Amino acid sequence: MRTRPPNPERITAKGCRAAVAAAAVLVVAAVGTGAYLNRPGSGVSIHAPAAPLFAWWLPHIGPGTPAAVVVAVVVVAWGPALAGRARWRVLLPAAYVAAVAWTFALALVDGWDRGVADRLTTRDEYLHEVPGITDVRAALRGFTDRILDFQPGSWTTHVSGHPPLATLVFVWLDRIGLGGGAWAAVLCVVVGCLAAVAVPVALVLLGRADAARAVVPFAVLAPGAVWVGASADGVFAGVTACGVALLALAARRASAAVAVAAGVVLGAGAFLSYGLVLIGLVALAAVVCGRRWSVAPWAVLGAVLVVVVFAVAGFSWWDGYHLVTVRYYQGIATERPYWYWAWANLAATCVCAGPAVVAALPGLRRGVRSRCDPVLVLVAAAAAAVLVADLSGLSKAEVERIWLPFVVWLWPAVSLLPGKQRGWLAAQAATALVVNHLLMTNW
(Lines give C-alpha, C1' and ligand atoms only; values in the text may rest on other atoms or scores of the structure.)
Protein backbone atom coordinates (compact mmCIF):
# COMPACT_ATOMS: atom_id res chain seq x y z
CA MET A 1 0.00 0.00 0.00
CA ARG A 2 1.42 3.35 -1.05
CA THR A 3 1.53 6.03 1.60
CA ARG A 4 0.42 9.53 0.76
CA PRO A 5 3.35 11.98 0.53
CA PRO A 6 3.35 14.81 3.03
CA ASN A 7 1.96 18.15 1.96
CA PRO A 8 5.06 20.18 1.02
CA GLU A 9 3.27 23.47 1.68
CA ARG A 10 2.34 22.36 5.18
CA ILE A 11 5.89 21.29 5.89
CA THR A 12 7.16 24.63 4.61
CA ALA A 13 4.60 26.53 6.71
CA LYS A 14 5.78 24.62 9.77
CA GLY A 15 9.36 25.48 8.89
CA CYS A 16 8.37 29.13 8.53
CA ARG A 17 6.89 29.20 12.00
CA ALA A 18 9.91 27.45 13.45
CA ALA A 19 12.27 29.94 11.81
CA VAL A 20 10.34 32.92 13.17
CA ALA A 21 10.23 31.35 16.62
CA ALA A 22 13.98 30.80 16.56
CA ALA A 23 14.58 34.38 15.44
CA ALA A 24 12.27 35.66 18.17
CA VAL A 25 14.26 33.72 20.77
CA LEU A 26 17.48 35.21 19.36
CA VAL A 27 16.10 38.76 19.50
CA VAL A 28 14.71 38.32 23.02
CA ALA A 29 18.02 36.87 24.16
CA ALA A 30 19.91 39.79 22.61
CA VAL A 31 17.57 42.33 24.24
CA GLY A 32 17.74 40.60 27.63
CA THR A 33 21.51 40.18 27.57
CA GLY A 34 21.91 43.77 26.39
CA ALA A 35 19.76 45.05 29.24
CA TYR A 36 21.78 42.98 31.70
CA LEU A 37 25.08 44.31 30.39
CA ASN A 38 23.73 47.88 30.39
CA ARG A 39 22.89 47.76 34.08
CA PRO A 40 25.04 49.91 36.40
CA GLY A 41 28.11 48.13 37.64
CA SER A 42 28.13 45.41 34.99
CA GLY A 43 31.70 46.24 34.02
CA VAL A 44 30.87 45.77 30.34
CA SER A 45 30.23 48.61 27.90
CA ILE A 46 28.18 47.73 24.84
CA HIS A 47 27.34 51.36 23.96
CA ALA A 48 23.82 50.61 22.75
CA PRO A 49 21.06 51.60 25.20
CA ALA A 50 18.45 49.49 23.40
CA ALA A 51 20.73 46.67 22.28
CA PRO A 52 20.88 44.92 19.90
CA LEU A 53 19.65 48.06 18.08
CA PHE A 54 21.48 51.35 18.39
CA ALA A 55 18.62 53.35 19.87
CA TRP A 56 17.00 54.50 23.11
CA TRP A 57 13.85 53.10 24.69
CA LEU A 58 11.38 55.97 24.23
CA PRO A 59 7.77 55.08 23.37
CA HIS A 60 6.32 57.89 21.30
CA ILE A 61 4.08 58.87 18.42
CA GLY A 62 4.54 61.69 15.94
CA PRO A 63 3.17 63.41 12.86
CA GLY A 64 4.23 60.49 10.71
CA THR A 65 2.24 57.94 12.69
CA PRO A 66 -1.11 58.30 10.87
CA ALA A 67 0.57 58.39 7.46
CA ALA A 68 2.64 55.28 8.22
CA VAL A 69 -0.44 53.37 9.34
CA VAL A 70 -2.37 54.42 6.23
CA VAL A 71 0.46 53.41 3.88
CA ALA A 72 0.78 50.06 5.66
CA VAL A 73 -2.96 49.35 5.47
CA VAL A 74 -3.17 50.30 1.79
CA VAL A 75 -0.17 48.21 0.77
CA VAL A 76 -1.25 45.19 2.83
CA ALA A 77 -4.79 45.36 1.48
CA TRP A 78 -4.08 45.98 -2.20
CA GLY A 79 -0.35 45.56 -2.72
CA PRO A 80 -0.21 41.79 -3.42
CA ALA A 81 -3.09 41.91 -5.90
CA LEU A 82 -1.64 44.92 -7.72
CA ALA A 83 1.79 43.31 -7.80
CA GLY A 84 0.30 40.18 -9.32
CA ARG A 85 -1.50 41.78 -12.24
CA ALA A 86 -0.24 45.30 -12.95
CA ARG A 87 2.03 46.03 -15.89
CA TRP A 88 5.63 46.65 -14.95
CA ARG A 89 5.60 50.23 -16.23
CA VAL A 90 2.83 50.94 -13.72
CA LEU A 91 3.92 48.65 -10.91
CA LEU A 92 7.51 49.80 -10.54
CA PRO A 93 6.82 53.57 -10.31
CA ALA A 94 3.94 52.85 -7.92
CA ALA A 95 6.20 50.70 -5.77
CA TYR A 96 8.86 53.39 -5.67
CA VAL A 97 6.40 56.12 -4.68
CA ALA A 98 4.91 53.88 -1.99
CA ALA A 99 8.37 53.02 -0.63
CA VAL A 100 9.27 56.72 -0.44
CA ALA A 101 5.97 57.49 1.31
CA TRP A 102 6.51 54.63 3.79
CA THR A 103 10.07 55.67 4.57
CA PHE A 104 9.26 59.35 5.02
CA ALA A 105 6.25 58.51 7.18
CA LEU A 106 8.42 56.36 9.46
CA ALA A 107 11.04 59.11 9.71
CA LEU A 108 8.36 61.64 10.63
CA VAL A 109 7.22 59.50 13.55
CA ASP A 110 10.19 61.12 15.31
CA GLY A 111 9.12 64.56 14.10
CA TRP A 112 10.49 66.77 11.33
CA ASP A 113 13.55 67.95 13.26
CA ARG A 114 14.62 64.76 15.03
CA GLY A 115 13.49 62.42 12.29
CA VAL A 116 14.54 64.33 9.19
CA ALA A 117 16.13 67.78 9.27
CA ASP A 118 18.56 67.28 12.18
CA ARG A 119 19.30 63.57 11.78
CA LEU A 120 22.45 64.09 9.69
CA THR A 121 23.72 67.29 11.32
CA THR A 122 25.33 65.93 14.49
CA ARG A 123 29.06 66.32 15.06
CA ASP A 124 29.72 62.69 14.10
CA GLU A 125 28.01 62.94 10.73
CA TYR A 126 29.19 63.85 7.23
CA LEU A 127 27.57 67.29 7.16
CA HIS A 128 29.78 68.41 10.03
CA GLU A 129 32.77 68.38 7.67
CA VAL A 130 31.09 69.75 4.55
CA PRO A 131 31.75 73.47 5.21
CA GLY A 132 35.49 72.81 5.62
CA ILE A 133 35.90 71.06 2.27
CA THR A 134 36.48 73.92 -0.16
CA ASP A 135 38.92 72.13 -2.46
CA VAL A 136 37.88 68.58 -3.38
CA ARG A 137 41.21 67.63 -4.93
CA ALA A 138 43.10 68.81 -1.86
CA ALA A 139 40.65 66.93 0.40
CA LEU A 140 41.24 63.72 -1.55
CA ARG A 141 45.02 64.08 -1.48
CA GLY A 142 45.02 64.59 2.27
CA PHE A 143 42.10 62.34 3.14
CA THR A 144 44.07 59.46 4.64
CA ASP A 145 46.20 61.85 6.71
CA ARG A 146 43.12 62.77 8.73
CA ILE A 147 41.63 59.31 9.31
CA LEU A 148 43.35 58.44 12.61
CA ASP A 149 41.93 59.96 15.77
CA PHE A 150 43.63 62.00 18.51
CA GLN A 151 45.43 64.33 16.13
CA PRO A 152 44.72 67.88 14.94
CA GLY A 153 42.25 67.93 12.08
CA SER A 154 41.01 64.34 12.45
CA TRP A 155 37.90 63.66 10.45
CA THR A 156 34.69 63.18 12.38
CA THR A 157 33.55 59.60 13.06
CA HIS A 158 31.52 58.88 9.93
CA VAL A 159 33.83 60.70 7.54
CA SER A 160 36.91 58.90 8.85
CA GLY A 161 35.12 55.55 8.80
CA HIS A 162 34.25 55.65 5.10
CA PRO A 163 36.02 56.29 1.80
CA PRO A 164 35.77 59.89 0.60
CA LEU A 165 32.92 59.43 -1.89
CA ALA A 166 30.45 59.13 0.99
CA THR A 167 31.39 62.64 2.14
CA LEU A 168 31.70 64.07 -1.37
CA VAL A 169 28.07 63.14 -2.08
CA PHE A 170 27.00 65.66 0.53
CA VAL A 171 29.63 68.18 -0.53
CA TRP A 172 28.30 68.14 -4.09
CA LEU A 173 24.72 68.30 -2.82
CA ASP A 174 25.64 71.43 -0.89
CA ARG A 175 27.36 72.96 -3.94
CA ILE A 176 24.26 72.69 -6.10
CA GLY A 177 22.34 74.68 -3.50
CA LEU A 178 20.76 71.81 -1.57
CA GLY A 179 22.76 72.10 1.62
CA GLY A 180 21.66 71.29 5.14
CA GLY A 181 20.20 68.32 6.95
CA ALA A 182 16.77 68.31 5.33
CA TRP A 183 18.06 67.95 1.78
CA ALA A 184 20.62 65.38 2.90
CA ALA A 185 17.83 63.32 4.47
CA VAL A 186 15.73 63.62 1.32
CA LEU A 187 18.66 62.34 -0.73
CA CYS A 188 19.06 59.33 1.57
CA VAL A 189 15.40 58.43 1.18
CA VAL A 190 14.97 58.95 -2.56
CA VAL A 191 18.18 57.06 -3.38
CA GLY A 192 17.68 54.38 -0.75
CA CYS A 193 14.19 53.57 -1.98
CA LEU A 194 15.59 52.73 -5.42
CA ALA A 195 16.34 49.32 -3.91
CA ALA A 196 12.58 48.64 -3.85
CA VAL A 197 12.69 48.81 -7.65
CA ALA A 198 16.19 47.52 -8.37
CA VAL A 199 15.76 44.18 -6.59
CA PRO A 200 12.56 43.18 -8.46
CA VAL A 201 14.05 44.41 -11.74
CA ALA A 202 17.09 42.21 -11.23
CA LEU A 203 14.86 39.21 -10.60
CA VAL A 204 12.91 39.89 -13.79
CA LEU A 205 16.09 40.20 -15.82
CA LEU A 206 17.36 36.93 -14.35
CA GLY A 207 14.23 35.09 -15.38
CA ARG A 208 12.17 35.12 -12.17
CA ALA A 209 9.40 37.60 -12.91
CA ASP A 210 7.07 35.57 -10.70
CA ALA A 211 9.39 36.03 -7.72
CA ALA A 212 9.82 39.71 -8.55
CA ARG A 213 6.07 40.30 -8.34
CA ALA A 214 5.92 38.55 -4.99
CA VAL A 215 8.79 40.67 -3.66
CA VAL A 216 7.45 44.11 -4.66
CA PRO A 217 5.03 44.76 -1.75
CA PHE A 218 7.57 43.42 0.75
CA ALA A 219 10.22 45.72 -0.67
CA VAL A 220 7.82 48.62 -0.14
CA LEU A 221 7.04 47.82 3.50
CA ALA A 222 10.53 46.69 4.45
CA PRO A 223 11.33 47.24 8.16
CA GLY A 224 14.77 48.42 7.04
CA ALA A 225 13.06 51.60 5.87
CA VAL A 226 13.35 52.75 9.49
CA TRP A 227 17.09 53.21 8.84
CA VAL A 228 16.90 54.31 5.22
CA GLY A 229 15.24 57.47 6.47
CA ALA A 230 17.59 58.96 7.17
CA SER A 231 21.09 57.53 7.06
CA ALA A 232 23.75 57.55 4.39
CA ASP A 233 23.59 53.76 4.42
CA GLY A 234 20.28 54.15 2.61
CA VAL A 235 22.22 55.78 -0.23
CA PHE A 236 24.70 52.92 -0.17
CA ALA A 237 21.90 50.35 -0.42
CA GLY A 238 20.18 52.13 -3.30
CA VAL A 239 23.37 52.65 -5.30
CA THR A 240 24.65 49.09 -4.99
CA ALA A 241 21.20 47.59 -5.66
CA CYS A 242 21.10 49.54 -8.91
CA GLY A 243 24.60 48.30 -9.72
CA VAL A 244 23.55 44.67 -9.35
CA ALA A 245 20.42 45.30 -11.44
CA LEU A 246 22.60 46.83 -14.16
CA LEU A 247 24.81 43.76 -14.06
CA ALA A 248 21.74 41.55 -14.50
CA LEU A 249 20.75 43.71 -17.49
CA ALA A 250 24.25 43.32 -18.94
CA ALA A 251 23.96 39.55 -18.64
CA ARG A 252 20.52 39.59 -20.22
CA ARG A 253 21.65 41.65 -23.21
CA ALA A 254 25.24 40.42 -23.36
CA SER A 255 26.22 44.09 -23.35
CA ALA A 256 29.80 45.09 -22.57
CA ALA A 257 28.81 48.75 -22.26
CA VAL A 258 26.13 48.02 -19.66
CA ALA A 259 28.56 45.73 -17.81
CA VAL A 260 31.12 48.54 -17.61
CA ALA A 261 28.41 50.87 -16.29
CA ALA A 262 27.45 48.25 -13.69
CA GLY A 263 31.10 47.95 -12.67
CA VAL A 264 31.39 51.72 -12.30
CA VAL A 265 28.32 51.85 -10.06
CA LEU A 266 29.46 48.91 -7.94
CA GLY A 267 32.98 50.31 -7.82
CA ALA A 268 31.54 53.59 -6.60
CA GLY A 269 29.82 51.60 -3.87
CA ALA A 270 33.22 50.45 -2.59
CA PHE A 271 34.21 54.13 -2.32
CA LEU A 272 31.06 54.87 -0.35
CA SER A 273 31.78 52.22 2.28
CA TYR A 274 34.75 49.89 2.69
CA GLY A 275 32.51 47.00 3.65
CA LEU A 276 30.70 47.17 0.33
CA VAL A 277 33.43 45.20 -1.35
CA LEU A 278 31.32 42.31 -0.04
CA ILE A 279 28.53 43.30 -2.43
CA GLY A 280 30.81 41.62 -4.95
CA LEU A 281 29.36 38.32 -3.71
CA VAL A 282 25.88 39.44 -4.78
CA ALA A 283 27.24 40.78 -8.07
CA LEU A 284 28.90 37.43 -8.71
CA ALA A 285 25.59 35.73 -7.95
CA ALA A 286 23.91 37.89 -10.61
CA VAL A 287 26.52 36.86 -13.17
CA VAL A 288 26.13 33.18 -12.25
CA CYS A 289 22.35 33.37 -12.56
CA GLY A 290 22.58 35.34 -15.80
CA ARG A 291 24.88 32.62 -17.22
CA ARG A 292 26.84 35.18 -19.19
CA TRP A 293 30.40 35.09 -17.91
CA SER A 294 31.59 37.28 -20.75
CA VAL A 295 30.21 40.38 -18.98
CA ALA A 296 32.29 39.79 -15.84
CA PRO A 297 35.61 41.16 -17.19
CA TRP A 298 33.83 44.28 -18.43
CA ALA A 299 32.25 44.83 -15.03
CA VAL A 300 35.64 44.41 -13.37
CA LEU A 301 37.04 46.96 -15.82
CA GLY A 302 34.35 49.44 -14.78
CA ALA A 303 35.18 48.96 -11.11
CA VAL A 304 38.91 49.33 -11.81
CA LEU A 305 38.23 52.61 -13.58
CA VAL A 306 36.75 53.99 -10.37
CA VAL A 307 39.80 52.85 -8.41
CA VAL A 308 42.11 54.50 -10.93
CA VAL A 309 40.19 57.79 -10.89
CA PHE A 310 40.45 58.05 -7.12
CA ALA A 311 44.10 56.97 -7.14
CA VAL A 312 44.95 59.68 -9.68
CA ALA A 313 43.06 62.18 -7.53
CA GLY A 314 45.21 61.21 -4.57
CA PHE A 315 43.24 58.64 -2.55
CA SER A 316 44.29 55.00 -2.15
CA TRP A 317 41.41 52.72 -1.13
CA TRP A 318 43.76 50.17 0.41
CA ASP A 319 45.64 52.75 2.50
CA GLY A 320 42.34 54.17 3.67
CA TYR A 321 41.05 50.74 4.66
CA HIS A 322 44.20 49.95 6.63
CA LEU A 323 43.94 53.21 8.57
CA VAL A 324 40.21 52.73 9.19
CA THR A 325 40.86 49.38 10.87
CA VAL A 326 43.17 51.26 13.23
CA ARG A 327 40.71 54.15 13.76
CA TYR A 328 37.90 51.68 14.47
CA TYR A 329 39.70 50.42 17.55
CA GLN A 330 40.57 53.93 18.68
CA GLY A 331 36.93 54.40 19.60
CA ILE A 332 34.18 52.52 21.44
CA ALA A 333 34.81 49.36 19.40
CA THR A 334 37.57 48.52 21.90
CA GLU A 335 34.93 48.34 24.64
CA ARG A 336 32.11 46.63 22.74
CA PRO A 337 32.55 42.89 23.43
CA TYR A 338 32.88 40.70 20.36
CA TRP A 339 31.36 37.72 22.16
CA TYR A 340 28.04 39.61 22.46
CA TRP A 341 27.89 41.42 19.15
CA ALA A 342 28.90 38.40 17.08
CA TRP A 343 25.42 36.97 17.66
CA ALA A 344 23.49 40.09 18.68
CA ASN A 345 24.30 41.55 15.24
CA LEU A 346 22.32 38.68 13.71
CA ALA A 347 19.38 39.52 15.97
CA ALA A 348 19.49 43.12 14.75
CA THR A 349 19.59 41.84 11.18
CA CYS A 350 16.48 39.75 11.79
CA VAL A 351 14.67 42.90 12.92
CA CYS A 352 15.89 44.87 9.91
CA ALA A 353 14.94 42.12 7.44
CA GLY A 354 11.64 41.37 9.16
CA PRO A 355 9.76 38.20 10.10
CA ALA A 356 8.65 37.45 6.53
CA VAL A 357 12.23 37.17 5.31
CA VAL A 358 13.16 35.02 8.32
CA ALA A 359 10.12 32.81 7.77
CA ALA A 360 11.03 32.25 4.13
CA LEU A 361 14.59 31.08 4.71
CA PRO A 362 13.67 27.40 5.31
CA GLY A 363 11.87 27.47 1.97
CA LEU A 364 15.17 27.95 0.21
CA ARG A 365 15.57 24.18 0.09
CA ARG A 366 13.01 24.21 -2.71
CA GLY A 367 15.48 26.08 -4.84
CA VAL A 368 18.16 23.43 -4.42
CA ARG A 369 16.53 21.49 -7.26
CA SER A 370 17.59 24.27 -9.61
CA ARG A 371 21.25 25.06 -9.08
CA CYS A 372 20.99 28.51 -10.65
CA ASP A 373 17.66 29.62 -9.23
CA PRO A 374 18.22 33.40 -8.84
CA VAL A 375 16.23 33.48 -5.61
CA LEU A 376 18.41 30.84 -4.00
CA VAL A 377 21.72 32.19 -5.31
CA LEU A 378 21.08 35.89 -4.55
CA VAL A 379 19.83 35.21 -1.03
CA ALA A 380 22.70 32.84 -0.32
CA ALA A 381 25.19 35.45 -1.54
CA ALA A 382 23.64 38.16 0.64
CA ALA A 383 23.62 35.85 3.67
CA ALA A 384 27.29 35.02 3.05
CA ALA A 385 28.13 38.73 2.91
CA VAL A 386 26.38 39.26 6.25
CA LEU A 387 28.23 36.36 7.87
CA VAL A 388 31.63 37.52 6.59
CA ALA A 389 30.95 41.06 7.81
CA ASP A 390 29.84 39.70 11.17
CA LEU A 391 32.86 37.48 11.70
CA SER A 392 35.23 40.30 10.73
CA GLY A 393 34.54 42.09 14.00
CA LEU A 394 34.52 45.43 12.17
CA SER A 395 30.78 45.90 12.61
CA LYS A 396 30.09 45.55 16.30
CA ALA A 397 26.60 47.05 16.62
CA GLU A 398 24.67 49.44 14.36
CA VAL A 399 24.39 46.77 11.68
CA GLU A 400 20.68 47.44 11.22
CA ARG A 401 21.81 50.34 9.03
CA ILE A 402 25.33 49.23 8.02
CA TRP A 403 24.13 45.98 6.45
CA LEU A 404 21.17 47.48 4.57
CA PRO A 405 22.92 46.92 1.19
CA PHE A 406 23.03 43.19 1.95
CA VAL A 407 19.62 42.90 3.60
CA VAL A 408 17.79 44.12 0.48
CA TRP A 409 19.09 41.02 -1.33
CA LEU A 410 17.46 38.81 1.29
CA TRP A 411 14.06 40.11 0.14
CA PRO A 412 13.76 37.62 -2.76
CA ALA A 413 13.33 34.85 -0.19
CA VAL A 414 9.75 36.01 0.49
CA SER A 415 8.75 34.64 -2.92
CA LEU A 416 9.01 31.18 -1.33
CA LEU A 417 6.44 31.85 1.40
CA PRO A 418 3.46 29.49 1.26
CA GLY A 419 -0.16 30.55 1.04
CA LYS A 420 -1.47 34.09 1.03
CA GLN A 421 1.04 36.87 1.58
CA ARG A 422 -1.02 39.50 3.42
CA GLY A 423 -0.34 38.10 6.88
CA TRP A 424 3.41 38.14 6.39
CA LEU A 425 3.24 41.56 4.78
CA ALA A 426 1.32 42.87 7.78
CA ALA A 427 3.99 41.38 10.04
CA GLN A 428 6.66 43.32 8.14
CA ALA A 429 4.77 46.58 8.55
CA ALA A 430 4.06 45.88 12.22
CA THR A 431 7.76 45.25 12.90
CA ALA A 432 8.73 48.64 11.47
CA LEU A 433 5.91 50.44 13.30
CA VAL A 434 6.71 48.82 16.65
CA VAL A 435 10.43 49.58 16.37
CA ASN A 436 9.86 53.17 15.32
CA HIS A 437 7.29 53.87 18.04
CA LEU A 438 8.99 52.09 20.95
CA LEU A 439 12.51 53.28 20.21
CA MET A 440 14.16 56.54 19.31
CA THR A 441 16.62 55.32 16.72
CA ASN A 442 19.85 57.18 16.18
CA TRP A 443 19.77 56.87 12.37
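Predicted, not measured: the structure shown is a model, and the values here were computed from it.
Taking the six-membered ring for Trp and thresholds of 30 and 60 degrees, Tyr126 and Phe170 have nearly parallel ring planes, at less than 30 degrees apart. Phe271 and Phe315 have perpendicular rings, their planes meeting at more than 60° on a 0 to 90° scale where under 30° would count as parallel.
Remark: Ile133 pairs with Ala139, Trp155, Thr167, Val171 by the side chain to side chain contact (heavy atoms under 4.5 Å, CB included) rule, at least two apart or across chains. Every residue meeting the ring pair (Phe, Tyr, Trp, His ring centres under 6.0 Å) condition with Trp318, not counting sequence neighbours, appears here in chain and number order: Tyr321.
Under 4.0 Å is where a charged nitrogen must lie from a carboxylate oxygen, and between Arg119 and Asp113 no such pair does. Ion pairing of Arg336 with Glu398 is present here, as a side-chain N (NZ or NE/NH1/NH2) and a carboxylate O approach within less than 4.0 Å.
Residues Leu203 and Leu378 meet the side-chain proximity criterion, which asks for heavy atoms closer than 4.5 Å. In this structure the side chain of Trp88 reaches within 4.5 angstrom of the side chain of Arg213, judged on heavy atoms.
Within the 3.5 Å criterion, the main-chain N or O of Leu205 finds a donor-acceptor partner in the side chain of Arg252.
No more than 12 heavy-atom neighbours from other residues, nucleotides or ligands sit within 6.0 angstrom of CZ on Arg123. No more than 12 heavy-atom neighbours from other residues, nucleotides or ligands sit within 6.0 angstrom of CD1 on Ile61. Taking a 6.0 Å sphere around CZ of Arg114, one finds it holds 12 or fewer heavy atoms contributed by other residues, nucleotides or ligands. Atom NE2 of His60 is surrounded by more than 12 heavy atoms from other residues, nucleotides or ligands within 6.0 Å.
Contact detail for Gly229 and Val189: the closest heavy-atom pair is CA-CG2, 3.8 Å. Contact detail for Leu410 and Ala382: the closest heavy-atom pair is CD2-CB, 3.8 Å. The two atoms that bring Val414 and Gln421 nearest to each other are O-OE1, 3.8 Å, heavy atoms only.
Aromatic ring centroids of His47 and Phe54 lie 6.0 Å or more apart.
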With side chain to side chain contact (heavy atoms under 4.5 Å, CB included) as the criterion, how do Phe310 and Leu165 come out once you've worked through the C-alpha distance, each side chain's angles and the decisive distance to 0.1 Å? CA-CA 9 Å; Phe310 274 93; Leu165 185 56; 3.9 Å; yes
Q.
Determine whether Trp227 and Leu106 satisfy the following criterion, side chain to side chain contact (heavy atoms under 4.5 Å, CB included), listing intermediate values before the conclusion.
A. CA-CA 9 Å; Trp227 296 280; Leu106 290 174; over 6 Å; no
Exercise for review: Apply side chain to side chain contact (heavy atoms under 4.5 Å, CB included) to Val379 and Trp409, showing your working.
Suggested key: CA-CA 6 Å; Val379 173; Trp409 293 105; over 6 Å; no
Worked verdict on Arg327 versus Ser160 for side chain to side chain donor-acceptor pair (under 3.5 Å)
CA-CA 8 Å; Arg327 170 70 184 253; Ser160 67; 3.3 Å; yes
**OP:** Give the C-alpha distance, both sets of side-chain angles, the deciding distance and a yes or no for side chain to side chain contact (heavy atoms under 4.5 Å, CB included) between Trp317 and Val277.
**Re:** CA-CA 11 Å; Trp317 186 94; Val277 293; 3.4 Å; yes
Determine all donor-acceptor pairs shorter than 3.5 Å in which one atom belongs to a side chain in residues 340-360; sequence neighbours excluded.
from   : atom 1 : to     : atom 2 : distance (Å)
Tyr340 : OH     : Ala30  : O      : 2.7
Trp343 : NE1    : Trp339 : O      : 3.1
Trp343 : NE1    : Tyr340 : O      : 3.4
Asn345 : OD1    : Ala397 : N      : 3.2
Asn345 : ND2    : Trp341 : O      : 3.1
Asn345 : ND2    : Asp390 : OD1    : 3.1
Asn345 : ND2    : Ser395 : O      : 2.7
Thr349 : OG1    : Asn345 : O      : 2.8

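The closest side-chain donor-acceptor pair between His128 and Thr122, if any, does not fall under 3.5 angstrom.
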